[in-house]
Amino acid sequence: MLAAPILTFPDARLRQVAAEITQKQGLEKLRDCLIATMQSGVGGVGIAAPQIGQLVRMVVVDCRGARHPCAHHGLLCMVNPRIVTASGHKLGREGCLSVPDLVATVSRNKNISVCYQDVVLNTYQIESSGFEARVMQHEIDHLQGVLLIDRVTNVRDIVRRMAQHTA
Ligand code: NI
């Protein structure tokens with residue numbers, strides 16, 4: 001499966017609310033394309049369908065190769081993911097394939113419980129915490145048209161990026 005081009009900020013499609021998925025048709029193909037695209041990006045631990053211009057609620061998360069080892073569920077494709085419960089807060093550094101050159105400090109919930117479906121629309125609920133929970137929250141944000149830049153807690157991160165882009 002070939003990787004798809006990744007949309008980058010300020011592409012308007014990244015700001016759309018993605019549609020709920022109600023049919024299985026084409027889901028395996030979209031999943032495989034998302035995986036290939038995520039793996040083509042440097043340090044990609046997750047990607048959401050809107051990042052390749054597919055405005056539907058699917059994300060892929062894979063923390064097996066995270067820079068700092070963390071508890072994880074392996075390679076996960078989540079259809080219609082929804083955070084059911086969330087607790088705790090933690091600051092951490094994040095990047096995004098759609099916002100190149102920005103690494104920023106973002107506050108996320110430490111522990112989450114997520115309900116989602118697989119590509120044949122079976123429903124699951126899992127608990128996640130730490131870095132994997134952070135990645136899931138980041139990817140689910142994409143489904144609402146929310147980007148890393150909206151969550152930045154440290155203005156210096158943005159100033160640093162602007163400096164890079166005007167240099
Ligand atoms: Ni992202």
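As the structure lists them, so they are numbered: ligands from 1, and atoms in each ligand from 1. Just so you know, these numbers come straight off a predicted model, no measurement behind them.
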N/O donor to acceptor pairs below 3.5 angstrom from side-chain atoms of residues 76-91, sequence neighbours left out:
residue: Asn80; atom: OD1; partner: Ile21; partner atom: N; Å: 2.8
residue: Asn80; atom: ND2; partner: Ile21; partner atom: O; Å: 2.8
residue: Asn80; atom: ND2; partner: Gln117; partner atom: OE1; Å: 2.8
residue: Ser87; atom: OG; partner: Asn111; partner atom: ND2; Å: 3.3

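A heavy-atom distance below 4.5 Å is not found between the side chains of Pro50 and Gln16.
Checked against ring pair (Phe, Tyr, Trp, His ring centres under 6.0 Å), Phe9 has no partners two or more places apart in sequence or in another chain. Considering only residues two or more places apart in sequence or on other chains, Asp11 meets the side chain to side chain donor-acceptor pair (under 3.5 Å) condition with Arg13.
Considering every non-hydrogen atom in both Cys63 and Glu132, the closest pair reads SG-CA, 3.8 Å.
Inside a sphere of radius 2.8 Å centred on the Ni ion (ligand 1), the protein N/O/S atoms present are Cys96 SG, His138 NE2, His142 NE2.
Here the rule is side chain to side chain contact (heavy atoms under 4.5 Å, CB included) with Gln51, and of Val59, Thr8, Leu97 only Leu97 fits it.
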